[in-house]
Amino acid sequence: MKQCKMCHNKIKKHRIYCSNKCKFSDKEYNNARKKSIKNPSLKQIKCKQTGKVFTDVNNTSGALTKYSNNVLNKDFNEHDWEIIQINEPPKWQCPECDWNTTDIENKSGCVFSHVKIHGYDKISFVNKYPENKHLYPNYNIDKTKTDIINSGDFIECKICKKRLLKITNAHLKTHGYSVQEYKDEFNLTNLSSKSTRQKLSKSYHNNPALQKAKWTSKFEVEIKEFIELHSVKVLSNHREFGFELDLYLPDFKIAIEFNGMYFHSEYRGGKLRDYHLNKTILCEQNDIHLIHIFEDDWLDRNNIVKSRICNLLGVNIKTLYARKCSVRLIKSNICSTFLNANHIQGNSPSSIKLGLFYHNELIEVMTFGAQRISLGQTPSSNSYELIRLCTKIGYRVVGGASKLLKHFERIYNPEMLISFADRKWTCRNKDSVYIKMGFNLNSITAPNYWYIVNEKRYHRFNFTKSRILNKFKNADPELSEWENMINLGHDRIWDCGNLKFIK
């Protein structure tokens, strides 16, 4: 065991002092420390054996001792090291005083922070000392800020009437406003002058790195990584068709849009009624099947979403044949459990529930009921709606849907059948399961909206005006349903509508 240099107590091999008290009481250590502070940048110390270079010439931190013990396997010896001289870095000298800096390109902005001491702003300083123009390359020194404002190109603060090139967040804080509050208060869309906007636009288009920059959510990355596990090519932020697609699978002509609750909402995200529908239509015009995955679906029904993606890609799916399966009626509790576990929309009330069984295992479910008035339908005698069609996660049943439907038709002999396909997953240009069952596309419904409460979607029927007044004490009967929900801090998000099929 080694001994402390000052008090001679036993210490570990790689140490010199037993405590900071001993360390800072050593005059030799303190003198060496002062020397290292006086001239820290012009000398370095190099290990003769390995060539490792340190800036701690006086071994103030003990780094040389530690390196000698751990790497050279011996105690520190100054003969194993040599002092090397380095060149002094170039410096920028202030023309007004003795201050200087090694940041000769002013990347940190320290030059302009310093010249404020002498009463200069960026423009006046560069105009007085034009040889320093390189420190502020984006500004035209022939035209000062005052000249631009006097030419009439400015934006006026609505509160203090001050003329500015840009109303900044710092300026608004002096009035107690945030940027969004100021825009809402005075109904403004931008807070900068025309020349400022042109300057920013020019900077953007002249910088390829900025144009390529695209924020991608972690959920998009998760979806992409899941698909790539199955050796499928995935392109992110694809723009080949004149609009952006979050994920594009060129080998399958399938695209995926991830719709986050915040950025795809109407009030906060600015995505209005037809936003998701328009992108769906653009994809259909380019023969692309667009899938919309909403954030709460990915978080709460992740295994169902993955299974549907695998089904579309034909990977990781076990295939069964309907001829080996049997059909029979199932009870409500069995049906609801199956749908909640395997259907992305969960269970829905129905009067007729058929199950497809393979060796007594429930593999597929199809449910029927009377036409729903809530969907604007007019019920007629012996007409039904096909409400749910769902296959167990990880399975594909060839001919299963047709077998279930024929069984229903044979027993109930309906005059007419209707069904709605969610356009978030079903493409009108592709032969869907409905076409294979003999349905025809009758019409396309308008987009529907869902309210976002605690980052989950709830159908608008849960928040009609009468229900809002019953649920929330601070709801205003004079306001509309949508106005009340905004005041209560809730937003809404739109889907793509449905495809209505009739047989």
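A quick note: this is a predicted structure, and the numbers were derived from the prediction, not measured. Throughout, numbering of the chain's residues begins at 1 and tracks the sequence.
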Margin query: Using side-chain heavy atoms (C-beta onward) and a distance below 4.5 Å, is L313 in contact with H230?
Written below: no
Check: Can you find a side-chain donor-acceptor pair between E415 and S383 that sits under 3.5 Å?
Finding: no
Item checked: Basic-acidic side-chain contact under 4.0 Å: D491, R268 -> yes
Notebook entry, point to check: So, D184 versus Q180: side-chain donor-acceptor pair below 3.5 Å or not?
Noted result: yes
Notebook entry, point to check: Does one side chain, of R396 or N311, offer a donor that lies under 3.5 Å from an acceptor on the other?
Noted result: no
Notebook entry, point to check: Is a side-chain donor or acceptor of K279 paired with a backbone partner of E244 at a separation under 3.5 angstrom?
Noted result: yes
Next item on the list: I would like to know whether F258 and F219 meet ring-ring contact (aromatic ring centres under 6.0 Å, His included); could you show each step before the answer?
Entry: CA-CA 8 Å; F258 183 82; F219 300 119; 5.4 Å; yes
Next item on the list: Using the six-membered ring of Y321, assess whether NZ or CZ of K324 lies under 6.0 Å from its centre and within 45 degrees of the ring axis.
Entry: no
Note to self: Under 3.5 Å, is there a donor on one side chain and an acceptor on the other for S236 and Y248?
What the structure shows: no
Margin query: Could you check whether any side-chain N or O of S402 sits under 3.5 Å from a backbone N or O of M437, counting only pairs where one atom can act as donor and the other as acceptor?
Written below: no
Next item on the list: Heavy atoms only: give me the nearest I452-S265 pair and the separation to one decimal.
Entry: CD1-CB, 3.9 Å
Margin query: Looking at every heavy atom in both G400 and A322, which two are closest together, and how far apart are they?
Written below: N-CB, 3.7 Å
Check: Closest approach of W482 and H490, non-hydrogen atoms and distance?
Finding: CZ3-O, 4.4 Å
Check: If you draw a 6.0 Å radius around CZ in R273, do more than 12 non-hydrogen atoms from other residues or ligands fall strictly inside?
Finding: yes
Check: If every non-hydrogen atom of K392 is compared with every non-hydrogen atom of L362, which pair is closest and at what distance?
Finding: CD-O, 3.9 Å
Notebook entry, point to check: Is it true that a side-chain atom of K465 and a backbone atom of P477 form a donor plus acceptor pair closer than 3.5 Å?
Noted result: yes
Next item on the list: Determine, stepwise, if the pair Y395 / Y358 fulfils ring-ring contact (aromatic ring centres under 6.0 Å, His included).
Entry: CA-CA 11 Å; Y395 284 86; Y358 178 77; 8.0 Å; no
Note to self: Determine whether a donor-acceptor pair (N or O, by modelled atom type, separation under 3.5 Å) exists between the side chain of N340 and the backbone of N347.
What the structure shows: yes
Note to self: I want to check a possible cation-pi pair here: K471 against F463, using under 6.0 Å from ring centre and within 45° of the ring axis as the test.
What the structure shows: yes
Checklist line | Distance (rounded to the nearest 0.5 Å) between C47 SG and Y67 OH | finding: 5.0 Å
Next item on the list: Identify, with sequence neighbours excluded, every residue that meets ring pair (Phe, Tyr, Trp, His ring centres under 6.0 Å) alongside H292.
Entry: H276
Notebook entry, point to check: Under 4.0 Å between a Lys/Arg side-chain N and an Asp/Glu carboxylate O for D297 and R457?
Noted result: yes
Check: Okay, side chain of R467, backbone of F461: is any donor-acceptor separation there less than 3.5 Å?
Finding: yes
Notebook entry, point to check: Taking the six-membered ring of F408, is the NZ or CZ of K406 close enough (under 6.0 Å from the centre) and on axis enough (within 45°)?
Noted result: no
Checklist line | Min side-chain heavy-atom separation I167-I155 under 4.5 Å | finding: yes
Next item on the list: Please name all residues satisfying ring pair (Phe, Tyr, Trp, His ring centres under 6.0 Å) with F243, sequence neighbours left out, ordered by chain then number.
Entry: none
Check: Does the N413 side chain pair with the main chain of E409, one donor and one acceptor, at a distance under 3.5 Å?
Finding: no
Check: Can you find a heavy atom in the side chain of L339 that is under 4.5 Å from one in the side chain of S348?
Finding: no
Notebook entry, point to check: With sequence neighbours left out, what residues match C427 under side chain to side chain contact (heavy atoms under 4.5 Å, CB included)?
Noted result: E284, H289, N429, K430
Item checked: Salt bridge present between D246 and K224 (N-O < 4.0 angstrom) -> no
Notebook entry, point to check: Does I493 offer a backbone N or O that forms a donor-acceptor pair with the side chain of E266 under 3.5 Å?
Noted result: no
Notebook entry, point to check: Can you tell me if CG on N474 sees more than 12 non-hydrogen neighbours from other groups inside 6.0 Å?
Noted result: yes
Checklist line | Residues, nucleotides or ligands: over 12 heavy atoms within 6.0 Å of F241 CZ | finding: yes
Check: Just by distance, do the side chain of N484 and the backbone of D476 share a donor-acceptor pair under 3.5 Å?
Finding: yes
Margin query: So does L191 get a backbone contact from the side chain of K166, meaning a donor-acceptor N/O pair under 3.5 Å?
Written below: no
Notebook entry, point to check: Do E481 and R492 meet the salt-bridge criterion of a basic N to acidic O distance under 4.0 Å?
Noted result: no
Next item on the list: Using the side-chain contact (heavy atoms from CB on, under 4.5 Å) rule, take L405 and M366 through it: C-alpha gap first, then chi angles, then the decisive distance, then the call.
Entry: CA-CA 8 Å; L405 183 63; M366 183 179 283; 4.2 Å; yes
Next item on the list: Consider only side-chain N and O atoms of Q345 and H343, and report whether a donor and an acceptor are under 3.5 Å apart.
Entry: no
Check: Would you say S193's side chain and L165's backbone share a donor-acceptor pair under 3.5 angstrom?
Finding: yes
